[in-house]
Each structure stands twice: as structure tokens, then as C-alpha cells.
Amino acid sequence: MNFESHERFLSTVNFQNRFYLLTYLNGESIIKIYSFEKDGHTVLTHDLSNFSFYNSNNNSTVLGNLLKKEETEIIEEDIPYSMEIVFKKIKIYPNKDYLRISLDHRLHGTRIINLNLNDSVNSSFFVENIGASDAKKSNSFVNGNRLFQLLVSPEFLVLSVHDLETRKKIVEHSVKKNEDFFFKNSPILQQGNSPYSSPFKNSQTKISSAKEFFRKLSNSEVGIYAFENSGKLDITLGGTKQFIVTPGSNGFTTGASLSSIGTTVAPISWSYGSYTSSRSIFTRLLFDNKTLKHIDKKNQNNVFDRISLKSKYLKNTVLKKKLKLETVLRKEDYFLYGFYNKKEKTYSLMKFEK
């Protein structure tokens, strides 16, 4: 493979039984997609020079200048994520025959880029965050054809949802610091003792007021994620302080490592390990998946919650210190939780439905 001298690594994607390598041209607005098969590889060049890109200071720039300054996360559908993953400003969403990229460098909104995987057809547009001039932090998350945008300041929080096909706003919920946070379904929880405590102490503390929650979020890296859980839309919003965790240091076998050049590849076990050892502050919401109306019920445990409960049970009862080499694998319609029994010298796999 011959790379151009100013070509830089962006990310890798395993999707639909095919491996993709993404690069960008430094100083330009061009992304290249290398697709690998048994017989070799093909290259698609996506020239995005016709679209306008702006940095966090709202100054015009090229796409390459934005991509080189931020870490990138690959986001798969129907997986719970930690705040340490979703606070990233660049996310890539594999979706049927294209890749969707969201850029959240600007407080005022989200830049969406769609890259076809079969040809060089692409598109890009900007979804504005109304009211961002008074906000301190923002971020977004894509679920299907909907964009969830979060705006936070010490005074208020705004959650808005846009249809990415029509580019119109579907719904918006907002709450001020002294108002009832009516659309949350769980307590506001701070997981981990502080930003400087061990990342693997999983204690939880309840935050009593929206005012304190907004203040903490305004001094954190904020994030949001949404996925379908038991037929409903389960949303988590919150924030985290940045820290570095080496994959596998939480006891899980990741199957891949973090790239040495600053881009994160998050296999399922790494996503699960990050989720269960997160140091963050968050609350969960519940909406009807079709109408996006708030549902006043308790959120059900997602698949990572259920795996974590089983892991804790085994560690605290029958296996205790004999449980080693935990891993989580994803199949099409279910997940597998694996662990090694040191005493029996056996490796077990347990099936968990989505």
C-alpha cells in the first residue's frame, strides 16, 4: 500500500464482515476509505472541499485540521457506552452502506458527514444548537436517523432531537437549575469518588439537585448516548473528567489496543470495561422510541448492567478470586460473557439477550 506523504491515520472499522481503514489528508478536506477483502483492497476518496468547516473559535478551516486534534470513537448500535467514550468530539457510526461522522468541535452545533462505502458520493450539513450562545458545554449522539444534542450551562440544560433526513427538530426538553427536572427517570448519580480517585472504585453517590448537577457538568466533558432497550429509548446524559486507562487494566481481555497515534478503537470488551468502571456524573431518561414522548417509568437494566450483576455475583460467591480473564463478545442478536475458572481450569460462556 502506498500512502501519500501527508496522509494520516483516522480510524479502523470492522463492519459487515469487512475491514476498513480510514485516513485523511493533512491540510485538506479529504477522507480516504481502504476496504480490505481476501483478494486485496480498494480505495475510495471522499473529497469534502465543497463543504465549509469551522474550528471551536468559529474560524474557517479544513477538515484535516479538525481531525488531527481530536480522538475518534467508533459507535455501534444498541450498545451502552460510558461517558469516557461518548464525550469525544468525533464519532463514527457505521450504518448500512455508509459511514456517518459527527463533529462537535463547535458549541453552536454539530457537523454531520455521510460517506458512502460503495462509491465516492458524500454529503455534509450542520445542525445548529439553538441557545448555544448562553451555554458552556455541548455534545451530541446519533441513534438511527436522529441526532440528540445536549447543551449545558450552570443555569440550564437543554436536550433536543433532530431528524437527520428532514433536518428538522422533532422535540426539545429544557430545565433550569431551580426547576423540577421532570424528564429524568433516575437519580443523578456520581460514580467514582472524585475525578482523582481510583477509576476502578465503583461507588455511587446521589446528587440532590439539578443546580449541583449543572454546575458539575459545566466543569466536565459532557456526553450523551441513546439506544433502544426493551422497546423503549434509553438515554443517558452526563459528564466526566478525562483520565487514561490502558485497555485490559480493568481485568478484561479487549482483543485490540488503543492506537499509539491517538485514535481509540473500542471493541465490545473495552466498551463494557469502560462502562462498568466509569468515573462520571449522569442521569438516565426514558422515551417512547417512536413518538419521543417522555415515559414516567424506571429504566430497565441494559445488557451491560445484567452482565455486570452476574459478574459481581460470581466474584462475591462461588468463584471469588478464582474468576479470571473476563471478556464480552457481541453476536448479531445477543452477547456472550466469558470467564476462566482458575480452580476448575475451565472457560465458560454465558448468553445474554440484548
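Although no hydrogens or angles enter the test, the distance criterion places a donor-acceptor pair under 3.5 Å between the side chain of Asn219 and the main chain of Arg215. The backbone N or O of Asp104 lies less than 3.5 Å from no partner atom in the side chain of Thr110, so there is not a single donor-acceptor pair. The main-chain N or O of Glu332 is found under 3.5 Å from a side-chain atom of Lys354 such that the two form a donor-acceptor pair. With hydrogens and angles disregarded, a donor-acceptor distance shorter than 3.5 Å links the side chain of Tyr225 to the backbone of Tyr81. Looking at Thr276, its side chain does come within 3.5 Å of a backbone N or O of Tyr272 through a donor-acceptor pair. Asn302 contributes no side-chain N or O that, together with a main-chain N or O of Gln300, makes up a donor-acceptor pair within less than 3.5 Å. With hydrogens and angles ignored, the 3.5 Å screen pairs no side-chain donor or acceptor of Asn116 with any backbone N or O of Tyr98. Counting only distance, with no hydrogens or angles, the side chain of Thr283 and the backbone of Ser186 share a donor-acceptor pair below 3.5 Å. Remark: the backbone N or O of Ser140 is paired with a side-chain donor or acceptor of Lys91 at under 3.5 angstrom. Looking at Ser220, its side chain does come within 3.5 Å of a backbone N or O of Lys216 through a donor-acceptor pair.
The shortest distance between side-chain heavy atoms of Thr327 and Ile268 does not fall below 4.5 Å. Residues Leu115 and Ile101 have side chains in contact (heavy-atom distance under 4.5 Å, counting atoms from C-beta outward). Side-chain contact between Asn143 and Phe148: present, with at least one pair of heavy atoms (C-beta onward) separated by less than 4.5 Å. The shortest distance between side-chain heavy atoms of Leu314 and Phe339 falls below 4.5 Å. No side-chain heavy atom of Asn301 sits less than 4.5 Å from a side-chain heavy atom of Asn229. By the 4.5 Å heavy-atom criterion applied to side chains, Val222 and Leu151 are not counted as neighbours.
Residue Val175 is grouped with residue Phe213 when hydrophobic side chains (ILVMFWY) are merged at heavy-atom distances under 4.5 angstrom, including chains of intermediate members. Leu66 is not connected to Val62 by any chain of hydrophobic side-chain contacts under 4.5 Å among Ile, Leu, Val, Met, Phe, Trp and Tyr, and they are in different clusters. Connection of Tyr24 to Leu117 is established within a shared hydrophobic cluster, with ILVMFWY side chains joined at heavy-atom distances below 4.5 Å, either directly or through further cluster members.
The list of salt bridge (charged side-chain N to carboxylate O under 4.0 Å, His left out) pairs with a residue in residues 146-174, not counting sequence neighbours, reads Glu155-Lys177, Lys169-Glu172. Residues in residues 225-237 take part in these salt bridge (charged side-chain N to carboxylate O under 4.0 Å, His left out) pairs, two or more places apart or across chains: Asp234-Arg284. The list of salt bridge (charged side-chain N to carboxylate O under 4.0 Å, His left out) pairs with a residue in residues 13-39, not counting sequence neighbours, reads Glu4-Lys32, Glu7-Lys32, Arg18-Glu37.
Leu217 contributes atom CG, which lies 10.0 Å from atom OG of Ser280 (distance to the nearest 0.5 angstrom). Atoms CG and CG, from Asn341 and Leu325 in turn, are 11.5 Å apart once rounded to the nearest 0.5 Å.
Within a 6.0 Å radius of NZ in Lys69, no more than 12 heavy atoms belonging to other residues, nucleotides or ligands are found. Within 6.0 Å of OH on Tyr313 lie no more than 12 heavy atoms contributed by other residues, nucleotides or ligands. Sparse packing is recorded around CG of Asp296, with 12 or fewer heavy atoms of other residues, nucleotides or ligands lying under 6.0 Å away.
Ring planes of Phe36 and Phe19: tilted class, angle from 30 to 60°.
With Tyr275 as the partner, the ring-ring contact (aromatic ring centres under 6.0 Å, His included) test is satisfied by one option alone out of Phe304, Phe227, Trp270: Phe304.
Remark: Glu344 engages no residue in a salt bridge (charged side-chain N to carboxylate O under 4.0 Å, His left out) (not counting sequence neighbours). Partners of Arg8 under the salt bridge (charged side-chain N to carboxylate O under 4.0 Å, His left out) rule, at least two apart in sequence or in another chain, do not exist in this structure. Residues satisfying the side chain to side chain donor-acceptor pair (under 3.5 Å) test with Ser153, not counting sequence neighbours, are none. Residues that satisfy the side-chain contact (heavy atoms from CB on, under 4.5 Å) test with Asn50, not counting sequence neighbours, are absent from this structure. Asp288 pairs by the salt bridge (charged side-chain N to carboxylate O under 4.0 Å, His left out) definition with nothing, not counting sequence neighbours.
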Sequence neighbours excluded and cut-off under 3.5 Å, please list the side-chain donor-acceptor pairs for residues 123-131, or say none.
{"residue": "Ser123", "atom": "OG", "partner": "Asn114", "partner atom": "ND2", "Å": "3.2"}
{"residue": "Ser124", "atom": "OG", "partner": "Arg111", "partner atom": "NH1", "Å": "3.0"}
{"residue": "Ser124", "atom": "OG", "partner": "Ile112", "partner atom": "O", "Å": "2.9"}

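A cation-pi contact, defined as under 6.0 Å to the ring centre and within 45° of the axis, links Lys351 to Tyr334.
Side chain to side chain, Gln149 and Ser138 fail the donor-acceptor criterion of an N or O pair below 3.5 Å.
The hydrophobic cluster containing Leu189, built from Ile/Leu/Val/Met/Phe/Trp/Tyr side-chain heavy atoms closer than 4.5 Å, also comprises Phe282. When hydrophobic side chains of Ile, Leu, Val, Met, Phe, Trp and Tyr are connected at separations under 4.5 Å, Leu286 ends up clustered with Ile295. Apart from Ile30 itself, the hydrophobic cluster it occupies contains Leu25, where clustering links Ile, Leu, Val, Met, Phe, Trp and Tyr at side-chain heavy-atom distances under 4.5 Å.
Ionic pairing of Lys88 and Glu73 is present here: one or more N-O contacts between side-chain nitrogen and carboxylate oxygen are shorter than 4.0 angstrom.
For Val13 against Pro94, the heavy-atom pair with the smallest separation is CG1-CG, 3.8 Å.
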